[in-house]
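This report refers to the structure that appears directly beneath it.
Sequence positions, counted from 1, serve as the residue numbers for this chain. Only heavy atoms go into these numbers, but all of them, side chains included; no hydrogens, no water, no symmetry mates.
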Amino acid sequence: MRPAPAVWSPLEYACHVRDVFVVFADRATLMLTEDGPRFADWDQDAAAIAGRYWEQDPHRVAEELAEQGSHLSAVFAAVPPQSWARTGLRSNGSSFTVDSLGRYLLHDVVHHVADVSG
């Protein structure tokens with residue numbers, strides 16, 4: 001259940017974080033394998049609607065969240081020391097390094113834990 005009409009439910013937040021894990025793992029991998037990649041657009045609200053987050057099975061989402069979190073963790077754990085400064089660009093021109101992408105990711109996830117916790 002949504003706590004308010006414009007606020008996602010815990011299930012919708014879990015789906016979003018699962019998908020954030022996928023997007024950030026893909027972006028980090030691109031940065032580690034290509035020189036200065038430009039990331040594809042990702043509209044989180046459109047992803048929620050297209051993925052019908054509110055209809056997904058909570059047990060399956062929990063499994064996928066753990067799987068994608070483990071994969072993302074492995075991607076960042078394998079970054080060689082000399083590669084943390086590699087760069088990538090969002091479609092709006094915002095530049096990230098592998099390091100700043102990881103920090104942004106952590107900020108986003110902590111923010112969503114607070115959203116769900118109230």
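- Heavy-atom minimum distance, Asp108 versus His16: OD2-NE2, 4.1 Å.
- When each of Gln68, Glu64, His71 is tested with Phe21 by the rule side-chain contact (heavy atoms from CB on, under 4.5 Å), just one qualifies, namely Gln68.
- Salt bridge status for Arg86 with Asp35: present, with a side-chain N to carboxylate O gap under 4.0 Å.
- Nearest heavy atom pair, residue Leu11 against residue Pro58, reads CD1-CA, 3.9 Å.
- Taken to the nearest 0.5 Å, the OG atom of Ser100 stands 11.5 Å off from the CG atom of Leu105.
- Here the shortest heavy-atom pairing between Pro3 and Ser9 reads CD-CA, 4.4 Å.
- Here the OG1 atom belonging to Thr87 is positioned 11.5 Å from the CD atom belonging to Glu34, to the nearest 0.5 angstrom.
- Val61 and Phe24 fall into different hydrophobic clusters, where Ile, Leu, Val, Met, Phe, Trp and Tyr side chains are chained together by heavy-atom contacts under 4.5 Å.
- A donor-acceptor pair under 3.5 Å is absent between the side-chain atoms of Ser94 and the main chain of Arg90, judged by distance alone.
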Could you list the donor-acceptor pairs under 3.5 angstrom formed between side-chain atoms of residues 46-55 and any protein atom two or more places apart in sequence or on another chain?
unit_1 : atom_1 : unit_2 : atom_2 : d
Arg52  : NE     : Glu55  : OE1    : 2.8
Arg52  : NH2    : Glu55  : OE1    : 3.4
Arg52  : NH2    : Glu55  : OE2    : 2.8
Tyr53  : OH     : Asp19  : OD2    : 2.4

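- The shortest non-hydrogen separation linking Val98 to Ser83 is CG2-O, 3.5 Å.
- No continuous path of hydrophobic side-chain contacts links Leu72 to Val22 [ILVMFWY only; heavy atoms under 4.5 Å].
- Looking at every heavy atom in both residues, Gly88 comes nearest to Phe39 through CA-CZ, 3.8 Å.
- Neither side chain, Thr97 nor Asp99, offers a donor N or O lying under 3.5 Å from an acceptor on the other.
- Shown here for Arg18 and Leu65, the closest heavy-atom pair between the two residues is N-CD1, 3.5 Å.
- The aromatic rings of Phe96 and Tyr104 lie perpendicular to each other, with more than 60° between the two planes, well past the 30° mark.
- In this structure, the side chain of Ser73 does not engage the main chain of Gly69 through any donor-acceptor pair within 3.5 Å.
- Between Arg2 and Glu12 there is a salt bridge, since at least one side-chain N of the basic residue sits less than 4.0 Å from a carboxylate O of the acidic one.
- Atom CG of Asp57 and atom CD of Glu63 lie 8.0 Å apart (nearest 0.5 Å).
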List the steps and the verdict of side-chain contact (heavy atoms from CB on, under 4.5 Å) for Val20 and Trp42.
-> CA-CA 10 Å; Val20 163; Trp42 185 59; 3.8 Å; yes
